[in-house]
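Worksheet: the structure to be examined is printed underneath.
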Amino acid sequence: MTGAAPQVPAGPDGLPRCPWALSTPDYVAYHDEEWGRPVRGDDALFERLSLEAFQSGLSWITILRRRPGFRAAFAGFRIAAVAEFTDTDRERLLADTGIIRNRAKIDATLANARLLATWEPGALDALIWSHAPGPAGRPAPKALTDVPAVTPESTALSKDLKKRGVRFVGPTTAYALMQACGLVNDHLETCAMRSAP
């Protein structure tokens, strides 16, 4: 039938899902339970922002599988706690095999926490969500090729964050954050999770 959405592959339970989600059980769970669902709150968004930065240049599964280690190492990504980290904490992080030991990314995370700790409560949440496109924006993607890596909104979000001093948040990282945190819904049109609550 002309114009029909291509069928997406079925998961282990027979439900159709975005193809990227089917390579591992970890991805299935993340896709079904988290990806694209709204995330609110400064600390929760700081965690996602930090993990997306650590993911840069790596596969998301690498970060997802280390997420418990990241949470333990970074005090649950509570901004106020991470902002108090010392040089001793920095050295501990650089030696922690439970996370990605990238000096630039660790330093950016610590610097971002110190900066965000000076913001008014709710300011990070408000800034990020102010860049969510309208719900009537882009149509539902029919195939992975319809999903962009960067959008005008993610470029604007990146610029806005950088202007305020937030580090390691380029337009691609900003768009991955928008996808993960539900600012946009990039589940494919025929994915069973597209309309999940």
*Please indicate whether Asp13 has more than 12 foreign heavy atoms, meaning atoms of other residues, nucleotides or ligands, lying under 6.0 Å from its CG.*
yes

*Going from CZ on Arg78 to CG on Asp42, what distance comes out if it is rounded to the nearest 0.5 angstrom?*
14.5 Å

*asked:* Between Thr155 and Ser158, does the side-chain hydrogen bond (donor to acceptor under 3.5 Å, both in side chains) criterion hold? Intermediate values first, please.
replied: CA-CA 5 Å; Thr155 300; Ser158 171; over 6 Å; no

Report yes or no: do [X] and [Y] belong to one cluster of Ile/Leu/Val/Met/Phe/Trp/Tyr joined by side chain heavy-atom distances under 4.5 Å?
X      : Y      : answer
Met193 : Leu64  : no
Leu22  : Val147 : no
Leu45  : Val166 : yes

*asked:* Check for me whether the distance between the ring centres of Phe77 and Phe74 falls short of 6.0 Å.
replied: yes

_Aromatic centroids of Trp20 and Trp35 separated by under 6.0 Å_ = yes

_Check this for me: does any side-chain nitrogen of one of Asp26 and Arg65 sit under 4.0 Å from a carboxylate oxygen of the other?_
yes

*Going by distance alone, is a donor N or O of one side chain under 3.5 Å from an acceptor N or O of the other, for Thr86 and Asp89?*
yes

*asked:* As a quick check of understanding, evaluate side-chain hydrogen bond (donor to acceptor under 3.5 Å, both in side chains) for Asp32 and Tyr27, giving each step before the final call.
replied: CA-CA 8 Å; Asp32 288 6; Tyr27 264 164; over 6 Å; no

*asked:* For Phe85, is there any backbone N or O sitting under 3.5 Å from a side-chain donor or acceptor partner on Arg114?
replied: yes

